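Everything on this sheet refers to the single structure shown next.
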Amino acid sequence: MIRVGYPAQNLTLPATTNRTLRLAGLEDAEKVRALVWENLLGLETIIRWNAERGLRLFRIGQGLIPFASHPAFPYDWAREHGDDLRELGGLARTLGVRLSMHPAQFINPGSPNPQTAERSLEELRYASRVFDLLGSEDAVVVLHLGGAYDDRPAAVSRFVEALRPEPEILRYLALENDERIWTVAEILQASGPLGIPAIVDNLHHRLNPGGLTLGEALDLALPTWEARGSRPKIHLSSQDPKKRPGAHAYSIEPDDWETVVGALDGRETDVMVEAKGKELAALGVAAGQERRTVASEP
DNA sequence: TTGGGTCAAGGAGTC
DNA sequence: GACTCCTTGACCCAA
């Protein structure tokens, strides 16, 4: 069975988890509290909406608690929002919605710049703490390997050594291939020693296959989830024909969906639909899955 | 109320 | 060296 979901935003609902503020705005702690509360309320609304429609995955925007990892954050967010997060996590578990996060391109724990590396770890600790409070054991923090810095083995080594002493982060972390620098086979060189799983993104893989078919890439990546004991996760998107290679289309092309389903070959997987159409694209994929299931029933 | 400029952060590619 | 792109736009200010 394939479960689907979407990232960060719901275009249908007047609810968001992404309300933010400028750095200078952190001085007003009350304003920050109110804004975080709105984001948490938005998350509850989205979780319920998703569950009612059979969408079992949701990627929370990184700014759920904006600037939480910044030294200027004005209060102990884990203490003040802990009860709300625990409640939300309980709701997500009850309704069967799996949560994730995807820190942005600035998060590079393998950077040769020590300040950049440490700031990156702080951000990853924030994401992990959110999932600790939510109590989401199957949650995933998705990250790219970052820069290659003209020395790929050294970059992989720095990444591994930076994260090895961080069990709280590794509990949720998964590594994703990207469309320019790191292939699926290469991210396994970092995820393997860290004992964390790998995520295959179909569009990134098409642009940066490293000599592997999609099926071969999945053969490598899907077993990496066994040690964690949670369902494997992959990313699905289609190319926007009018934009640069790698740009996400509004929806998923049936051919892409069929190719991924074929390569999965019946393996249990969670599919994050990365499309500009967000939940609408995910619902389209879910409907296709439904039709497939019905058609294959005896 | 609206439109445009701006916003924490890194790295790679292009010109 | 400047600019652009990545992403999830959202905020803020001037008009």
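Order of the sequence lines fixes the chain letters, A, B, ..., with proteins taken first and strands second; residue numbering starts at 1 for each chain. Remember, predicted model here, so these are calculated numbers, not experimental data.
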Interface residues of residues 31-64 of chain A with DNA chain C (non-hydrogen, below 4.0 angstrom):
A:Lys31, A:Arg59, A:Gln62
What residues in residues 100-122 of chain A put a non-hydrogen atom under 4.0 Å from any atom of DNA chain C?
A:Gln105
Rounded interatomic separation in angstrom, taking [atom1] from [X] and [atom2] from [N]:
| X | N | atom1 | atom2 | value |
| --- | --- | --- | --- | --- |
| A:Asp178 | B:dG11 | CG | P | 14 Å |
| A:Leu143 | C:dC6 | CG | P | 19 Å |
| A:Glu279 | C:dT8 | CD | P | 13 Å |
| A:His70 | B:dA8 | NE2 | P | 8 Å |
| A:Leu13 | C:dT8 | CG | P | 18 Å |

same_hphob_cluster([X], [Y]) at 4.5 Å side-chain heavy-atom cutoff:
| X | Y | value |
| --- | --- | --- |
| A:Leu280 | A:Leu55 | no |
| A:Ile199 | A:Val141 | no |
| A:Met101 | A:Leu57 | no |

Taking [M] as the reference, what is the distance to [N] when you measure between their [atom1] atoms (whole Å, please)?
| N | M | atom1 | value |
| --- | --- | --- | --- |
| C:dT4 | B:dG5 | P | 13 Å |
| B:dA8 | C:dG1 | P | 26 Å |
| C:dT7 | B:dT6 | C1' | 16 Å |

Would you kindly check whether a donor in the side chain of A:Arg22 faces an acceptor in the base of C:dC12, or vice versa, at under 3.5 angstrom?
no
Please enumerate all residues that pass salt bridge (charged side-chain N to carboxylate O under 4.0 Å, His left out) together with A:Glu44, with sequence neighbours excluded.
A:Arg48
Which residues satisfy the salt bridge (charged side-chain N to carboxylate O under 4.0 Å, His left out) test with A:Asp83, sequence neighbours excluded?
A:Arg86
Once you apply a heavy-atom cut-off of 4.0 Å, does A:Tyr149 come out as touching a base, just sugar-phosphate, or nothing?
sugar-phosphate
Checking all strands, does A:Ala148 fall into the base, sugar-phosphate, or nothing category for heavy-atom contacts under 4.0 angstrom?
sugar-phosphate
Scan [range] for pairs that pass ring pair (Phe, Tyr, Trp, His ring centres under 6.0 Å), counting only residues two or more places apart or in two chains.
| range | result |
| --- | --- |
| residues 35-63 of chain A | A:Tyr6-A:Phe58 |
| residues 103-135 of chain A | A:Trp77-A:Tyr126, A:Phe131-A:Tyr172 |
| residues 179-209 of chain A | A:His144-A:His204 |

DNA chain B-proximal residues of residues 233-245 of chain A, any heavy atom under 4.0 Å:
none
Basic-acidic side-chain contact under 4.0 Å: A:Arg119, A:Glu122:
no
With A:Thr20 via side-chain hydrogen bond (donor to acceptor under 3.5 Å, both in side chains) - residues at least two apart
none
How would you list, by chain and number, every residue that makes a side-chain hydrogen bond (donor to acceptor under 3.5 Å, both in side chains) with A:Asp219, sequence neighbours excluded?
A:Arg267
Can I get a per-line list of side-chain donor-acceptor pairs under 3.5 Å for residues 60-74 of chain A, giving both atom names and the distance, sequence neighbours left out?
unit_1: A:Gln62; atom_1: NE2; unit_2: A:Glu123; atom_2: OE2; d: 3.1
unit_1: A:Ser69; atom_1: OG; unit_2: A:Glu123; atom_2: OE1; d: 2.5
unit_1: A:His70; atom_1: ND1; unit_2: A:Ala72; atom_2: N; d: 2.9

Do the side chain of A:Thr17 and the main chain of A:Leu43 share a donor and acceptor less than 3.5 angstrom apart?
no
Could you run through DNA chain B and flag its stems, i.e. three or more consecutive Watson-Crick or G-U pairs with both distances under 3.5 Å?
B:1-7 with C:9-15, B:10-15 with C:1-6
Are A:Arg19 and C:dC11 close enough that a side-chain N or O sits under 4.0 Å from OP1 or OP2?
yes
Check the pair A:Asp270, A:Arg56 against side-chain contact (heavy atoms from CB on, under 4.5 Å), reporting the backbone distance first and the verdict last.
CA-CA 8 Å; A:Asp270 286 350; A:Arg56 299 292 176 200; over 6 Å; no
